[in-house]
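Atoms within each ligand, like the ligands themselves, are counted from 1 in listed order. Start at 1 with the first residue, then count along the sequence.
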Amino acid sequence: MARTERETYRNLRRKLLAWYSTEKRELPWRRSKDPYRVWVSEIMLQQTRVEAVIPYYERFLRRFPSLQALAQAQEQQVLTAWTGLGYYRRARMLHRAAQEVVAEHAGQFPSDPEEILGLPGIGRYTAGAISSICFDLPEPVLDGNVIRVLTRLFALEGDPTKAPLSNDLWDRARSLAEGKAPGDLNQALMELGATVCLPNTEPRCLFCPLQADCRARAEGKIHRLPELPARRAPKVEHWAVAVATRRGRYLLRQRHGETLLNGLFEFPSAEASKEPSQQKQSLVQMFRDQWKLGCRVGEERFVHRQDISGRRVFLHVLSAEVTGRSQGVRWWFPSQVEQRAVTTATRKILTRLLQESSSTSKQASTAATKSSNRPVKR
Ligand code: SF4
C-alpha cells in the first residue's frame, strides 16, 4: 500500500474510532468480549433488527448462560428459546456449533479465524466480527451496513454483491481493520451504517464523522449507491390454515422431515389456491389422508401475509371442526403453545386469534352491561 493510501486509512480509522467512542449505542452484547455472547448476538442479528433482538438475546442467555449449557441442551429446548425470532436454521446451527466446540476444542471457543469460519453456521462476516471484537484480530467485516458506508465513502460503482467489487470491498474493509482496536473499528463501521449512513431515506451526513472524506457526497452520487441488484418479484403462494379448537385448546401438528422447520409445531396447513372452495377441500383431504380425521371447514377468519426467502405467502386462516382421534396431532392450551417451539406464522396467528377473542368478549360484556342499565319499560 502506498504511503498516501496508508495515511488515508489511518485518518479514516482515527475519525471512526473517535466517533464510535462517544456515539455508540449501549447494547447488551457490547458489555462483554466473551465470544459465546458476541457469537449469539451476531447470529441473532442476521436478518433481525437490533431492537427486536434485545429481549430474545437476554432471554436466551438466561436460559443458556454458557456455551456448555447450550451444547448440552436438547434441540427442542433450543428451538423453544428461539421462538419468535424465526429463521430456525440459525438456532440449529448455533446448537450444532456449540456441540462441535465442546467435542473438538475442549469447550474453548477457538481464536483462530480459520477455525471460527469452520464452525457450522458461521460465515466470513461472523468470523470477522468474533475475531476482531473478542480476540482483537485485524479481521474485516462486510455486511449490508458496511457495504453502504464503503461504497459511498469511496464512490464505488457496480454490484457490491459480486466480484470484482465485492473483493475490492473486503480489501478496503481489511485495510481499515488493520490498526489498533479492530473490534471497535468494525463496530464503528456497522454502527455508522445502521444509524447515520441510512438506506432508503436521507442519510444523516451532517452527523457523519466522514463527511469531509466522502466521495459520493462530493460527487452528488449518494442516492445512487450502493448499486444493489434489483430484487426479483417474490413467488406468490396461497395456503389454507385450519384453526380447530376444543374446550379452549388449539389443534397443532409437529412438522417432520422438512429440513427447515423440522420439529416445530404449527396449525395444520395445506397448499391451496386463492379459491375458498379449493382451500376447504385441501384441508379436508389433508386431515383425512394424513391423520384419518374428519374435518368440517368453516369461514375464513383473516389472511396473514408472510414474506420468506423470495416467497410471498398468503395464509388463509379458516375455522375448522375436527372429529376423531389421532396421534399425529395434539391439542394445546395457548399457555402451553407459548412453552413450545412453534413456527413464527403460528405464533402470530395465535396472537391475533387471542386478541380477537378477547375484544369480542369485551364487546359482549359492554353490551350486556348497557342492556342491564337500560330502564325497563313498564
Ligand atoms: S457523508 Fe453521508 S453518504 Fe457519506 S458516508 Fe457519511 S453518511 Fe454516508
State whether the side chain of Glu237 and the backbone N or O of Arg312 hold a donor-acceptor pair below 3.5 Å, judged by distance alone. no
Taking only heavy atoms of Arg217 into account, list the atoms of ligand 1 that are under 4.0 Å away from them. 1 (S)
Nearest to atom 2 (Fe) of ligand 1, what protein heavy atom do you find, and at what distance? Cys205 SG, 2.3 Å
Could you go step by step and tell me if Asp159 and Lys162 meet the salt bridge (charged side-chain N to carboxylate O under 4.0 Å, His left out) rule? CA-CA 6 Å; Asp159 181 351; Lys162 292 201 180 89; 3.3 Å; yes
Ile222 to ligand 1, any heavy atom closer than 4.0 Å: yes
Kindly indicate, with the supporting measurements, whether the criterion ring-ring contact (aromatic ring centres under 6.0 Å, His included) is fulfilled by Trp29 and Tyr57. CA-CA 8 Å; Trp29 43 88; Tyr57 172 80; 5.2 Å; yes
Just checking, Arg90 and Tyr87: is the charged tip under 6.0 Å from the six-membered ring centre and within 45° of the axis? no
List the closest protein heavy-atom neighbour of atom 8 (Fe) of ligand 1: residue, atom name, distance to the nearest 0.1 Å. Cys197 SG, 2.4 Å
Residue Arg152 vicinity, atoms of ligand 1 by number, heavy atom under 4.0 Å: 3 (S)
Protein residue, atom and distance nearest to atom 6 (Fe) of ligand 1, heavy-atom basis: Cys208 SG, 2.4 Å
In this structure, atom 4 (Fe) of ligand 1 is nearest to the protein heavy atom Cys214 SG, 2.4 Å
Locate the shortest heavy-atom distance separating Ser166 from Leu142; write the atom from each residue and the value. O-CD2, 4.2 Å
For Ala98 and Trp39 the tightest heavy-atom approach is N-CH2, 3.7 Å
